[in-house]
Participant: 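Take a look at this one; I'll ask things after.
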Amino acid sequence: MSMAFQIRDCSLIARMAGVRSAMNLRELEERIAVCPDESLFHHFCETVIRPTFDNPDYNNDFAMWTSRYLQDRKLAERLAVINPYKCSSIDELRKLVLEIIQERLMEVDHIPWAPKKDQFHFLRSVTVVYDTGLILNSPVDLFERLPEVALGSVYYHFVEARRRTENGLDDFSNWLSEFGDGALPLIELLHEIDFYFMSLSELKLKLVDIVNRSEVTNAFK
Amino acid sequence: MPSSRRLVDYEPIIGSVSTSKLKQVAGDLAGMKVVHVNSTREGGGVAEILFWMIPLMRDLGLNASWEVIDGNPAYFNVTKAFHNGLQGNRVSLSDSMKAAYEETLETNAERLRPVLEEADYVIIHDPQPARLLQLCPNRKGKWIWRCHIDVSQPNRQVWNYIRSMVDGYDASIFSMPEFAKTLSHPQFIVAPSIDPLSEKNIPLSSDEVLSVLTQFNLDPDRPLITQISRFDRFKDPVGVIEAVKLLNSAYNVQLVLAGGGATDDPEGSAVLAEVQQAAEGVENIHVLLLPPDAHRIINALQRASTIVLQKSLQEGFGLTVTEAMWKGKPVIGGNVGGIRLQIHNSHTGYLVDSPEGATLRMHNLLARPELMTRLGTTARQFVLENFLCNRQLREYMTLMLGLKRGLANHLMAS
């Protein structure tokens, strides 16, 4: 008997990470080296759930800040192309970011500075989790109810789950694996989604598209 | 007096999902005694927030109350100096000023101590009541300092004095990361919000809006530019007049500078005189000093506006920006403080750094009515999703829950 899946929703509450703000690229390097793991996660992975109007130019706050306030688009592009979910750990992500910044520090003649009012502030978040009252008992329930779930639910179960689950996978895949071989094609399609560079609306559309494919739905008829 | 509104009154606006989230967070806080303390019952953004927050906390099962510091003119002069100093003005803090502040709070502490020491949570708003923590040594609950002011570049002497009083709190809340200072407790970031059902924000009939225009000799057929704020130099009312003077006269605009005085702001009358002098002899400028309870008049003026300005030079958050956005108005705001959280250039309005910038953006908007509609529509939706009171209330209660259970990466609301 498979477990029921409780759809949850979430929001963030931000707090200061306890690291001094950075005013220039050298300070950014120094503070990234010592900031808490949760702060790196916030600035790389929680950007997607913050309010925005359109797809931001850059998916992480470091790239955004170096472009907008240090006026260093080359560095911004190098940082922006990082997909944190390709790193095996936050430590690996930290090393990668530091390498890129250190390389840039070697290249530039002058350390770029931001205006005083536009320093980089290191934050971290508490993820507040809510019950939505929506319970899925089978993959068919997932196919039918996915269009109505909130973007906060998409973030919590498909994105944020990766730091919460033991195997680093999303909640849907882990739950579907309880339904035997028939669920494998769907799980594989979910694993193929390159979600980091999508907005949550785009990700939800992608998920809905996948669960509506005939090869997926036919397996559960 | 706090409002009598209940959560059910908000549900048609915020939706059942948002209501459910509030109830889930409040569940574990039911019956807790929460005391808010500030320095004025009327006037200013803090009083407006507490006006709706207290009844909603009560409706959600918390035992919430609101206490106000009873101060004399000397105390308010000192706290105004604090306010100015924290916003970066040169202020000299003498021993006699400190004594006036400390004596007032010692007197107030005699009255408030039993309530504050028994409370599960005490939320102290701004520096005016900050010293109460030191005067309540037998407190049993969590104390939170809520700083509504932009303290990003404070006067050092003033900040050191305030810091000595707030460092001992269990947590603090700032409106933006830029405002947070290094303190020895967790610092949370919670943006303020507006109450969509307050007199200042509820929908009004067109007849009521028209009657307000008539009352102040404003022409309903001419474009109306409005800035609503206290008469305070940080709001740059004189810069607004300069910006409108630079505008092409063909637009035939009329400018309203309207504001009330807060009971804790003794400088207001001096700034009002400066504004009246700058407006002297200009036919299309209307300077209105409104009483603190003129909420419906402000509402009507915002609704009648073609464009709303908030050309602040320094700003804590700028609730008047939120109010205008909620009414679907294009807003031109100073590129400072919390205004930058709300106005996203070309999406919900425009940010400017000078009177000339404000003039340029007014030109852009007045020449393109469809642009004004688009910005206004996006602005209203942005406020609905991010800056209504349910979000702020939820974050306050989440923080309280976090302090109760211990701060972890995840917090189950229910």
Side-chain angles (χ1 to χ4, degrees), chain A residues 6-22 36-39 41-43 45-46 49-54 56 61 65 68-69 90 114-134 148-153 156 160-161 163-164, chain B residues 15-18 20-25 27 150 152-153 171-174 176-191 314 335-337 340-342 344-348 378 381-382 385-387 391 394-399 401-402 405 407-414:
Chain A
Q6 268 196 310
I7 296 284
R8 298 190 185 279
D9 193 356
C10 74
S11 62
L12 303 181
I13 179 163
R15 51 181 285 210
M16 303 305 286
V19 178
R20 291 182 64 192
S21 303
D37 288 356
E38 291 82 2
S39 186
F41 184 82
H42 176 80
H43 292 297
C45 303
E46 292 177 331
I49 198 174
R50 298 204 305 247
T52 182
F53 293 97
D54 46 14
D61 289 330
W65 185 73
R68 190 175 291 173
Y69 300 116
I90 290 283
K116 195 171 180 183
K117 65 176 182 172
D118 297 317
Q119 299 175 48
F120 189 93
H121 303 285
F122 286 84
L123 298 174
R124 57 188 290 180
S125 285
V126 176
T127 306
V128 190
V129 187
Y130 308 94
D131 185 10
T132 64
L134 181 57
E148 69 192 72
V149 306
L151 295 181
S153 302
Y156 182 72
E160 201 274 346
R163 76 160 170 172
R164 185 170 23 87
Chain B
S16 58
V17 171
S18 295
S20 165
K21 286 179 179 174
L22 284 170
K23 288 177 179 170
Q24 288 183 48
V25 178
D150 175 354
S152 53
Q153 296 181 329
S172 53
I173 305 175
F174 294 87
M176 296 175 69
E178 288 81 348
F179 299 175
K181 307 301 291 180
T182 306
L183 293 165
S184 55
H185 55 244
Q187 297 143 269
F188 289 85
I189 308 301
V190 177
Q314 197 146 25
N335 185 15
V336 291
R340 299 202 296 182
L341 271 184
Q342 304 179 69
H344 295 251
N345 258 331
S346 306
H347 291 289
T348 59
T378 311
Q381 184 63 25
F382 192 59
E385 291 170 8
N386 298 289
F387 296 118
R391 191 268 312 146
R394 193 185 70 223
E395 292 185 345
Y396 271 48
M397 293 193 301
T398 301
L399 190 162
L401 200 56
R405 292 188 193 162
L407 291 170
N409 288 341
H410 292 84
L411 189 64
M412 298 302 291
S414 52

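In what follows, every chain begins at residue 1, and chains take the letters A, B, ... in the order their sequences are listed. In this text the structure is predicted, and so the values were computed from the model without any measurement. Any value given below was found using the heavy atoms of this structure, including those in side chains, with hydrogens, waters and symmetry copies removed.
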Participant: Output yes when a side-chain donor or acceptor of A/Ser39 lies under 3.5 Å from a complementary backbone atom of A/Leu123, and no otherwise.
Facilitator: yes
Participant: Do B/Ile189 and A/Arg15 come within less than 4.5 Å of each other through their side chains, counting heavy atoms only?
Facilitator: no
Participant: Quick check on B/Asn386 against chain A: is it the side chain, the backbone, both or neither that has a heavy atom closer than 4.5 Å?
Facilitator: side chain
Participant: Side chain, backbone, both or neither: which part of B/Ala408 has a non-hydrogen atom closer than 4.5 Å to chain A?
Facilitator: backbone
Participant: What part of A/Ser125 gets closer than 4.5 Å to chain B, counting heavy atoms only: side chain, backbone, both or neither?
Facilitator: backbone
Participant: In terms of heavy-atom proximity below 4.5 Å to chain B, should A/Glu38 be classed as side chain, backbone, both, or neither?
Facilitator: side chain
Participant: Quick check: closest heavy atoms across A/Ala22 and A/Trp65, and the distance to 0.1 Å?
Facilitator: O-CZ2, 3.5 Å
Participant: Tell me, do B/Val336 and B/Asp150 make a side-chain contact under 4.5 Å, heavy atoms counted?
Facilitator: no
Participant: Output yes when a side-chain donor or acceptor of B/Glu385 lies under 3.5 Å from a complementary backbone atom of B/Phe382, and no otherwise.
Facilitator: no
Participant: Against chain A, work out which of B/Arg340, B/Lys21, B/Gln153, B/Met412 has the most heavy-atom pairs shorter than 4.5 Å and name it.
Facilitator: B/Lys21
Participant: Go through the atoms of A/Arg20 and report whether side chain, backbone, both or neither lie under 4.5 Å from a heavy atom of chain B.
Facilitator: neither
